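The structure presented is a predicted model; accordingly, all values stated were derived computationally and were not measured. Note that ligands are numbered from 1 as they come in the structure, with each ligand's atoms numbered from 1 the same way.
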Amino acid sequence: MFFASGSGSNFQAVIDAIQNNEIEAVITGLITDKESAGALLRAKNHQIETKVILNFGSASSNEELEQQLQIWNPDLIVLAGFLRKIPTNIIRQYPDKIINIHPALLPKFGGKGFYGRHVHNAVIEAGETKSGCTVHYVNEEYDEGAIIRQSIVDVHPEDSAETLAKRVLSEEHKALPAVIKQILNQNN
Ligand code: GAR
């Protein structure tokens, strides 16, 4: 199952990989914290169940989240552009079963506040010549879980956050399905 707050292009990349028989899996559901998330429409287009949890992080939303996870009982939880912190009790209930994709080469440019274009702006401002994406396990600290896979791209001198984001995103769309395939032991 997936969590996403945004357009859901990474979510779509995994849907596509499943449809193309590159990965054998069923996406049980999508949780989002935003009614406007593009990922919701993508889920509906593919008959994937959805659950919108507003006020994410509040006690009542934590209960809602726990109940939903009990129903879906996922083997793997994928954070694909989800911008809220997963509650600690959930992280403890699913050890080594939650992964996240981050649009930079962790451990640099990670942690609270580093999401989306903020990450790319920080990379450009720091004068980095390389960036990329990281897929990692989720632990109780933001962006600090064990790294599973990284892909590297060049940062061009004329890059804006948008042009860099686009280059990184196209690597994300390959890295995320590849890691899911690897974790589900379908590499042979
Ligand atoms: C992706 O670039 C993802 O790495 C990033 O949000 C974007 C979501 O795009 N995630 C973070 O910044 C998490 N800290 P998408 O909705 O098109 O998949």
If you count heavy atoms of other groups shown closer than 6.0 angstrom to CD of Q19, is the number above 12? yes
Can a side-chain donor-acceptor contact be found between H173 and S9 if the only test is distance below 3.5 angstrom? yes
Within 6.0 Å of CG in D16, more than 12 heavy atoms from elsewhere: yes
Mind jotting down which protein residues get a heavy-atom contact under 4.0 Å with ligand 1? Chain and number order, please. G6, S7, G8, S9, N10, G81, I101, H102, P103, F114, Y115, G116, L169, E172
How would you list all residue pairs meeting salt bridge (charged side-chain N to carboxylate O under 4.0 Å, His left out) that involve residues 158-167, not counting sequence neighbours? R117-E162, D159-R167
Between the side chains of E66 and N62, is a donor N or O closer than 3.5 angstrom to an acceptor N or O? no
Can you get from V153 to L106 by hopping between Ile, Leu, Val, Met, Phe, Trp and Tyr side chains that sit under 4.5 Å apart? no
